[in-house]
Asks: 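Input: one structure, supplied below.
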Amino acid sequence: MSADVRTSFLKYYIRSLAERTRAEKTSLKIGFDWVIYNLALAELLTPCRLPFIRGGPTETSKTKTEAEFGVDVSFLSPDRSLLKVFVLKDEVLSNANWIKHSFDGDIRMAVTVDLDTAELKDVREVVVILAYNKDEDASGVELYRRLTGALGTRIGDSVKLTFERWNLSTLTEKVSSQLLTPTLLPQKFFSLFNYICSQFANMRHGSEEWSNQLIPNWRRFLADLLSENPDERTVRMLPVALLILREQGRDNPSGATGWIELTEWAMLSSWRVHQLSGSSIVKAVVVDMWVNFYIAEVERYYEAHIRELSFEHSMDFAATSSYLDTAASSVRTFWHLARIGILGVTLADFFPFDEEEKRGAIAAMRKVGNWLATFVSANPSAFRPLIDLHHIEMFVVWHTWWRLERHSDICKWLGAIRNGLFLRRIELIPIPFIEGHSNLDFVFETLATGEKPPEFCDQSSLLILFLLEISCGLKSPEREELLATYYEQVVLARDCNGEQVKELKPLHLMGWIPPAEWEKEILVRSLRSNGEAQSLSTFELAGSVDGRTVELRLREFIATVHSDAQFELPVGVIVLASLLHRSPLPPQLWRNLVFKPVSATKHAP
Amino acid sequence: VKGAGENLVWEVIKAIGLNEKSADVRISDDDLNSALTQISQDALKLREALSLLFPNGIPLSQSFYAQLNQLEVRLGLEDKGSRFVGTLWYRAVETLEPNQREELLNAFTLDSDSIFHGLDWLPILLANFPLPASFSAEWLPKLVKRIGNDLAAGELWVAFDAYCERNSLQALDSLKILINHSDMSELGVATHFLGVLRGLDLPLPLQNEIRLIDEELKCTANPLKANVYNRSWIETVRRKPLTKEQLEQLISKISHGLAQEREEAIPLVIGILSTDKLDSVCREFIFNWLKNNVNPDIPRAAKFRLAAYISRDPQTLPGEVIDLVLDSLPIPIEDKGTWKRIEMLLVRLLRSDIYEFSVFFLSMAEKAPEEIISFVKAYDGFPSLLREMRSKEISKVVGDLCISSNPGCRRLGLLLFDKVKVETIPREVLSAKDARHLATIFHEGTCSPVHGDSIARFLVSLISCMEEADPELQAEFYEELVLQLKNYPGGCRAVFEASSSKFPILRKAIDEVDQYFERLEGLSRSGTMEVTGFRAAARVYARRFSRQVSESAEKMSVFASLFQKVHLLYGNEVRAFHEGELGGSSPMREISHGVEVPRLEFIDPEGMQLRRLHAASVLKERA
């Protein structure tokens with residue numbers, strides 16, 4: 001992650017904080033007094049006065065109601081000779097606010113700190129720090145300068161007095177360098193978040209422990225954090241939590257991709273907030289996080305790694321020297337295809353209107369299209385979908401190239417996939433055909449034992465119907481050729497001469513119509529068991545298969561079942577939600593593009 | 001006389017008064033031998049011995065044979081002991097009433113144990129005791145049935161020989177009954193009796209009776225009877241030389257006979273040939289007949305008999321007779337016995353003359369390449385031949401196969417190139433072929449699954465010729481070098497490296513692939529994500545693989561079938577306590593064998609399969 005992005009999200013978060021942490025009726029209001037307190041602890045200072053009563057690890061600290069006399073927080077140095085007095089303001093330092101929000105009065109009172117108490121008897125220096133988590137203007141700074149200049153350099157005869165001013169930038173810088181730890185989050189989240197941090201630091205991305213322990217914990221944390229109509233500052237806490245996680249797991253070798261996945265779960269939770277919140281600010285924050293945090297981070301990751309990922313066979317490892325390695329390689333490859341694809345889809349989703357920005361976006365989309373092309377051509381596993389849900393990853397690849405009108409790439413890619421699927425369909429290689437229930441365990445079991453488990457389903461496929469449908473969008477004669485060969489070889493399992501292979505039965509092409517509540521629910525759970533499955537009966541059983549006939553039959557089917565309902569969620573978010581919740585994509589995502597009249601389609605960038 | 005049962009024998013010997021020594025003194029084999037001879041010649045003593053063995057009378061059940069068997073085991077004198085027991089048996093039978101005799105003899109056939117123990121006694125019984133025809137016609141086939149295909153069957157037929165020779169009249173009467181039956185065991189006995197009796201110098205009346213039977217069978221329309229007649233001649237030939245006229249008549253009868261007879265013709269003729277009692281004229285006649293009658297459509301059993309006969313001693317046979325095996329091709333790969341005989345033939349040819357072997361083997365490959373390939377692959381066939389080939393210079397014959405215009409031969413050539421670890425295809429073999437043919441050979445190599453070092457040696461063999469090939473083929477060839485280096489970075493690279501100073505193209509390919517591996521190893525793949533479910537599946541796979549290796553090792557191991565398998569649970573040394581003695585300690589040893597797996601088969605199984613299919617389709621088009 002670039003320093004700029006990191007700083008800006010920290011800055012957003014700190015700026016959004018109130019002066020004091022307090023629990024309100026509807027939600028928890030997090031204050032930057034907690035940040036100051038933890039910064040002081042990080043500098044080994046001892047709290048002298050706190051504006052709250054500290055609670056347990058899962059509690060919220062209670063705000064004190066006593067008079068402050070200008071001192072919001074104060075700390076002693078370990079040798080007790082230095083006293084740091086903080087005056088906290090969640091306001092802009094300006095002429096207008098100087099009196100209105102008691103900048104002047106509070107600073108004046110802070111310098112009159114009573115040093116006669118027993119605990120302060122050894123103090124030789126007092127530093128009064130004005131800390132505010134908003135911006136300032138020149139007049140505000142000038143008022144501050146004049147006041148601190150006038151207040152002198154000593155308290156009494158022997159105690160030295162100095163002043164510091166911590167503005168938003170200073171606070172951000174200090175937090176970034178000293179406080180990217182779980183303690184930065186409010187106390188009630190500390191315990192779980194601290195545990196998540198230690199899991200993230202030690203668990204390998206994608207391992208059983210990762211999937212069975214860390215992800216459920218992380219989802220619980222997200223649910224806790226974003227419960228009860230969260231406000232802007234709560235939502236802004238998400239990237240901060242992710243930054244802390246990243247910092248804590250920097251020694252984890254698989255931390256980079258793992259962190260992207262954790263970020264994705266956070267993004268889904270935040271889009272759920274976007275759906276439910278009535279606040280335009282909160283909605284804007286979510287979109288900002290999606291584009292400038294998650295998407296920016298994915299882009300940065302592939303900028304850094306695409307060169308090595310696009311090296312021939314980069315995704316293959318000989319762990320067992322068996323076909324298990326082959327399958328594992330496909331899973332890893334499809335993971336990357338999905339992320340690069342989401343990047344491509346999102347760039348198209350958020351296509352700007354401004355001409356200059358448009359040029360930049362087109363260049364970015366082309367770059368992503370090229371990444372996909374080089375990555376796919378370097379890794380044979382990119383042509384090897386193992387489970388039916390791999391249609392999601394294939395959709396984003398297709399979508400990215402489709403928007404760039406890279407028909408030739410699509411044709412080559414579809415052709416190579418067809419060749420591999422045909423060999424698997426007729427069992428000429430030991431990799432099983434696409435598992436319809438999308439259960440990778442079944443695939444691995446088949447490869448490990450040499451026998452398909454009884455639950456293994458290779459007789460129905462939405463993925464193949466998807467491939468046929470997107471083939472309809474290609475130019476002639478490639479379109480007819482692909483439709484004919486896919487249908488003949490993959491669906492009907494006939495060889496190049498039209499001969500039936502091994503008495504294999506035709507594949508059931510499977511459509512799916514999502515349930516009405518799909519868009520509301522997909523951010524929360526899988527909807528694969530909801531909606532309506534549509535079985536498309538086999539046709540063209542006799543004689544040679546003609547691509548045009550296949551296309552006509554498909555168009556006929558789609559005209560009957562297609563709904564062109566639009567979704568409010570960006571396509572990238574829909575894809576991510578379907579991917580993480582292992583739910584099929586709504587077919588209108590591609591049907592709206594492929595089967596729309598030419599005049600109605602978006603112009604490719 | 002040793003062991004716990006010695007008292008029985010000792011009591012028998014002592015009681016009949018042949019030896020006055022006390023029971024606790026052991027007697028020598030010579031003394032025992034002489035005692036048994038004396039008892040055998042004295043009917044009274046034999047009766048006494050029987051009454052000692054069976055004090056309650058002769059049991060008409062298997063216990064009688066069990067007791068005799070125990071006696072034979074304790075006598076331990078092998079042949080003489082068997083003869084003595086056989087004598088006791090027929091004397092026991094003699095003492096019984098006719099219906100009791102049959103009951104006792106039938107008890108002999110009730111289980112296989114009695115028969116196998118008593119086979120050695122049977123000639124004595126059958127030679128000395130004429131059985132009623134009606135009984136022998138039932139009893140003898142029962143013996144045949146019981147013994148089945150066991151190798152001990154030879155002893156049984158020897159006993160039948162003795163019956164025919166000593167009790168010819170009774171045997172003839174049995175034959176007359178048996179030839180009218182249809183059971184294969186009964187017909188088997190009939191065939192044997194007829195053959196033996198025909199070959200004996202019997203009194204004229206008997207000969208006439210046999211002639212009458214022959215006349216009847218010769219003209220019969222019953223195929224079973226016809227086969228009895230035909231097959232019986234094999235036994236006859238063993239005893240009496242056959243004239244050419246007789247042979248001609250017999251073969252002519254069979255050749256023009258019933259369909260079932262014709263089917264049996266080759267096994268029968270080879271059976272006669274195998275007796276080694278024919279003169280050169282008859283042999284020549286049979287050879288010529290076989291040359292005219294052996295073809296791919298002859299029955300599988302005939303192919304087996306032919307291969308078995310020719311493989312027995314091919315050096316003594318003319319080349320054209322050996323070639324009859326080629327005329328009988330193809331042979332289904334399930335007929336492992338036939339293929340085993342062919343393997344013996346090939347090994348013997350190879351040992352005696354590589355040139356003759358080459359000519360024969362190339363012709364055989366030309367006729368049945370796919371069968372040979374399948375037999376080698378499916379059944380791990382031809383192990384002895386492959387071993388023998390490894391010790392001989394056979395690169396030319398393998399090379400000739402590799403460049404053959406017959407696709408099957410090319411595949412067989414490549415298979416042998418791999419299995420026999422042939423170093424190279426000789427230049428003179430390759431240079432005889434044009435560019436088009438070279439491309440064919442090359443593509444054949446690319447779609448044949450062989451080990452890394454083998455494909456490397458094969459490609460190195462082609463380099464010199466490739467230098468003169470068209471640029472397109474040269475480019476394809478270079479791609480193949482690179483691909484195989486990536487596929488087999490161990491075996492293939494070692495072979496290429498060894499020849500790289502001679503062929504710059506190899507150096508270039510090695511350098512290119514070295515860069516590939518360097519970059520691949522340099523990738524920061526330590527940070528790669530795991531795949532959920534992979535670890536568990538890898539454990540299952542490892543167990544399965546280990547089980548397969550273990551089962552396969554046991555199947556292939558001679559020792560595993562000889563010794564009991566014991567799973568050792570602890571420790572790293574082992575010793576066994578057996579029959580009261582603790583054996584020496586042996587440390588555990590690890591045995592391992594490594595084979596380089598082709599990388600790209602796991603990285604890109606689809607691509608590799610498509611390459612093979614593509615090469616195969618190019619070859620098909622070219623063909």
Side-chain angles (χ1 to χ4, degrees), chain A residues 204-208 210-212 252-258 261 305 308-309 311-332 335 379-381 383-384 416 419-424 428-431 439-441 443-450 496, chain B residues 449 482-483 485-490 512-513 515-548 594-614 616-617 620-621:
Chain A
R204 198 168 183 94
H205 176 212
S207 62
E208 322 282 327
W210 176 281
S211 305
N212 300 331
N252 182 339
S254 62
T257 52
E261 193 174 320
H305 293 96
E308 63 183 46
L309 292 173
F311 184 67
E312 193 182 2
H313 305 150
S314 64
M315 300 308 295
D316 288 279
F317 310 88
T320 61
S321 289
S322 72
Y323 290 104
L324 287 174
D325 296 344
T326 317
S329 160
S330 293
V331 176
R332 282 191 293 266
W335 191 93
N379 289 291
S381 43
F383 304 111
R384 191 183 305 125
N419 292 343
L421 286 176
F422 175 58
L423 296 177
R424 287 161 60 189
L428 215 56
I429 56 169
I431 311 289
N439 191 328
L440 264 179
D441 286 342
V443 178
F444 282 131
E445 187 179 333
T446 305
L447 294 170
T449 63
C496 313
Chain B
V482 169
L483 183 131
L485 272 169
K486 288 178 181 172
N487 202 19
Y488 294 103
E512 184 180 330
V513 176
Q515 277 182 16
Y516 159 84
F517 279 112
E518 266 169 40
R519 281 196 62 187
L520 211 52
E521 280 156 23
L523 298 182
S524 54
R525 301 209 281 188
S526 60
T528 304
M529 59 186 285
E530 262 189 35
V531 175
T532 311
F534 177 80
R535 263 191 278 168
R539 281 194 294 274
V540 172
Y541 173 76
R543 279 207 301 276
R544 175 185 160 214
F545 185 70
S546 166
R547 193 173 58 243
Q548 281 176 343
V595 177
E596 185 178 19
V597 292
R599 277 179 75 240
L600 297 181
E601 291 295 340
F602 298 116
I603 290 176
D604 187 11
E606 298 92 345
M608 294 300 276
Q609 186 62 36
L610 285 169
R611 273 182 72 255
R612 284 190 282 272
L613 291 175
H614 170 71
S617 82
K620 200 172 166 187
E621 269 175 34

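Each chain gets a letter, A, B and so on, in the order its sequence line appears, and its residues count up from 1.
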Asks: In Å, rounded to the nearest 0.5 Å, how long is the span from CZ of R384(A) to OG1 of T326(A)?
Replies: 5.5 Å
Asks: Pick one of side chain, backbone, both or neither for R544(B), based on which atoms fall under 4.5 Å of a heavy atom in chain A.
Replies: side chain
Asks: What part of Y516(B) gets closer than 4.5 Å to chain A, counting heavy atoms only: side chain, backbone, both or neither?
Replies: both
Asks: Cut-off 3.5 Å, side chains only: do E261(A) and H205(A) have a donor facing an acceptor?
Replies: yes
Asks: Before accepting this row, confirm whether a basic side-chain N of the pair R332(A)/E530(B) lies closer than 4.0 Å to the acidic partner's carboxylate O.
Replies: no
Asks: Under 4.5 Å heavy-atom distance to chain B, tell me which part of L309(A) shows up: side chain, backbone, both or neither.
Replies: neither
Asks: Counting heavy-atom pairs closer than 4.5 Å to chain A, which one of Y541(B), F545(B), F602(B) comes out on top?
Replies: F602(B)
Asks: Taking side chain as everything from C-beta outward and backbone as N, CA, C, O, which of these in A318(A) sits under 4.5 Å from a heavy atom of chain B? Side chain, backbone, both or neither.
Replies: neither
Asks: Which bit of L428(A) is near chain B, if near means a heavy-atom gap under 4.5 Å: side chain, backbone, both or neither?
Replies: both
Asks: Need one label for L324(A): side chain, backbone, both or neither, based on atoms under 4.5 Å from any heavy atom in chain B.
Replies: both
Asks: After noting the C-alpha distance and the side-chain angles of E601(B) and R612(B), does the key distance pass the salt bridge (Lys or Arg N to Asp or Glu O under 4.0 Å) rule?
Replies: CA-CA 12 Å; E601(B) 291 295 340; R612(B) 284 190 282 272; 2.7 Å; yes
Asks: Taking the side chain as every heavy atom from C-beta outward, state whether V540(B) and T449(A) have any atom pair closer than 4.5 Å.
Replies: yes
Asks: Could you give me the CA-CA distance, side-chain angles and deciding distance for N419(A) and E606(B), then say whether side-chain contact (heavy atoms from CB on, under 4.5 Å) is met?
Replies: CA-CA 8 Å; N419(A) 292 343; E606(B) 298 92 345; over 6 Å; no
Asks: Name the region of D441(A), side chain, backbone, both or neither, that has any atom closer than 4.5 Å to a heavy atom of chain B.
Replies: side chain
Asks: Looking only at the side chains, is there a donor atom on one of S329(A) and S381(A) sitting less than 3.5 Å from an acceptor on the other?
Replies: yes
Asks: Sort out for me which of A536(B), A542(B), P605(B) touches chain A most, counting heavy-atom pairs under 4.5 Å.
Replies: P605(B)
Asks: Sort F311(A) into side chain, backbone, both or neither according to what part of it lies under 4.5 angstrom from a heavy atom of chain B.
Replies: side chain
Asks: Does L483(B) reach the side chain of M608(B), with side-chain heavy atoms less than 4.5 Å apart?
Replies: yes
Asks: Give, as side chain, backbone, both or neither, the part of A416(A) having an atom under 4.5 angstrom from any heavy atom of chain B.
Replies: neither
Asks: Select one option (side chain, backbone, both, neither) describing which atoms of W335(A) are under 4.5 Å from chain B's heavy atoms.
Replies: side chain
Asks: Measure distances from T320(A) to the heavy atoms of chain B and classify the residue's part below 4.5 Å as side chain, backbone, both or neither.
Replies: both
